[in-house]
Engineer: 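The structure is given below, and queries will be raised subsequently.
Chain letters run A, B, ... following the sequence lines, proteins first and then strands; every chain starts at 1.
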Amino acid sequence: GQQLNQSPQSMFIQEGEDVSMNCTSSSIFNTWLWYKQEPGEGPVLLIALYKAGELTSNGRLTAQFGITRKDSFLNISASIPSDVGIYFCAGHRRVQGAQKLVFGQGTRLTINP
Amino acid sequence: NAGVTQTPKFQVLKTGQSMTLQCAQDMNHEYMSWYRQDPGMGLRLIHYSVGAGITDQGEVPNGYNVSRSTTEDFPLRLLSAAPSQTSVYFCASSYSSGTSFYEQFFGPGTRLTVL
């Protein structure tokens with residue numbers, strides 16, 4: 001099945017550093033999404049992007065919807081310990097009325113205090 | 001609101017056993033779905049439903065059945081468990097009308113091990 005290519009797979013950084021991760025696809029999506037998953041929990045939506053070229057911020061998080069509609073990136077500035085988790089990108093499209101999400105493999109973020 | 005609830009949280013099965021994973025939501029969402037999460041694979045769609053009485057297959061439906069008799073509940077049935085079905089299972093729900101995107105809310109997951 002189709003998946004998005006997300007990189008890097010893991011990151012080990014110092015507290016206070018900036019983080020960047022990205023996602024690419026061979027297919028076009030109408031909406032790009034970024035989720036965060038903490039241990040023992042389901043993914044939680046961080047940012048949704050609706051238009052090609054759109055740049056959206058949510059606090060220290062910034063994400064962009066690529067011009068080609070086939071990629072997106074997420075930046076986290078000045079990382080803090082609570083940023084630890086797995087970050088997933090997802091592409092959204094509607095197929096016969098149903099919402100279909102295709103997920104990337106995830107980026108596991110570890111922060112050294 | 002409780003949101004999306006899943007039971008059980010953990011389950012161990014032997015090969016060939018059957019079981020049902022429960023999912024319920026109290027947000028009156030039309031759309032519900034089941035995903036499985038495997039290491040390095042992200043989440044993959046198993047089955048979904050756009051409303052009571054309507055279900056359809058996702059990306060990896062083999063070995064699983066679903067039904068949607070009410071808006072609130074969307075159980076996932078494993079007919080004859082296999083070790084390849086060892087995974088973490090997430091249920092999600094959202095509104096679903098028109099062409100807009102609606103946020104999917106995920107449950108806390110069920111960790112299933114098949115021996």
Engineer: Among the options Val44(A), Asn30(A), Leu33(A), pick out the one with the most heavy-atom pairs lying under 4.5 Å from chain B.
Structural biologist: Leu33(A)
Engineer: Identify which part of Gln6(A) has an atom lying under 4.5 Å from any heavy atom of chain B, answering side chain, backbone, both or neither.
Structural biologist: neither
Engineer: Chain A heavy atoms under 4.5 Å from Leu45(B): which part of the residue, side chain, backbone, both or neither?
Structural biologist: side chain
Engineer: Yes or no on ring-ring contact (aromatic ring centres under 6.0 Å, His included) for Phe103(A) and Tyr35(B), after CA distance, side-chain angles and deciding distance?
Structural biologist: CA-CA 10 Å; Phe103(A) 283 85; Tyr35(B) 295 87; 5.6 Å; yes
Engineer: Apply side-chain contact (heavy atoms from CB on, under 4.5 Å) to Asn65(B) and Leu79(B), showing your working.
Structural biologist: CA-CA 7 Å; Asn65(B) 273 1; Leu79(B) 306 173; 3.8 Å; yes
Engineer: As an exercise: rank Gln6(B), Lys9(B), Gln37(B) by heavy-atom pairs under 4.5 Å with chain A and give me the winner.
Structural biologist: Gln37(B)
Engineer: Quick one: sort the Phe106(B) and Phe90(B) rings into parallel, tilted or perpendicular, breaks at 30° and 60°.
Structural biologist: perpendicular
Engineer: Between Asp26(B) (side chain) and Gly3(B) (backbone), is there a donor-acceptor pair under 3.5 Å?
Structural biologist: yes
Engineer: Heavy-atom distance under 4.5 Å to chain A: side chain of Tyr95(B), backbone, both or neither?
Structural biologist: backbone
Engineer: Please look at Phe105(B) and chain A and tell me whether the side chain, the backbone, both or neither of the residue comes under 4.5 angstrom of a heavy atom of that chain.
Structural biologist: neither
Engineer: Apply side chain to side chain donor-acceptor pair (under 3.5 Å) to Arg69(A) and Ser25(A), showing your working.
Structural biologist: CA-CA 9 Å; Arg69(A) 295 167 66 193; Ser25(A) 171; over 6 Å; no
Engineer: Name the region of Arg44(B), side chain, backbone, both or neither, that has any atom closer than 4.5 Å to a heavy atom of chain A.
Structural biologist: side chain
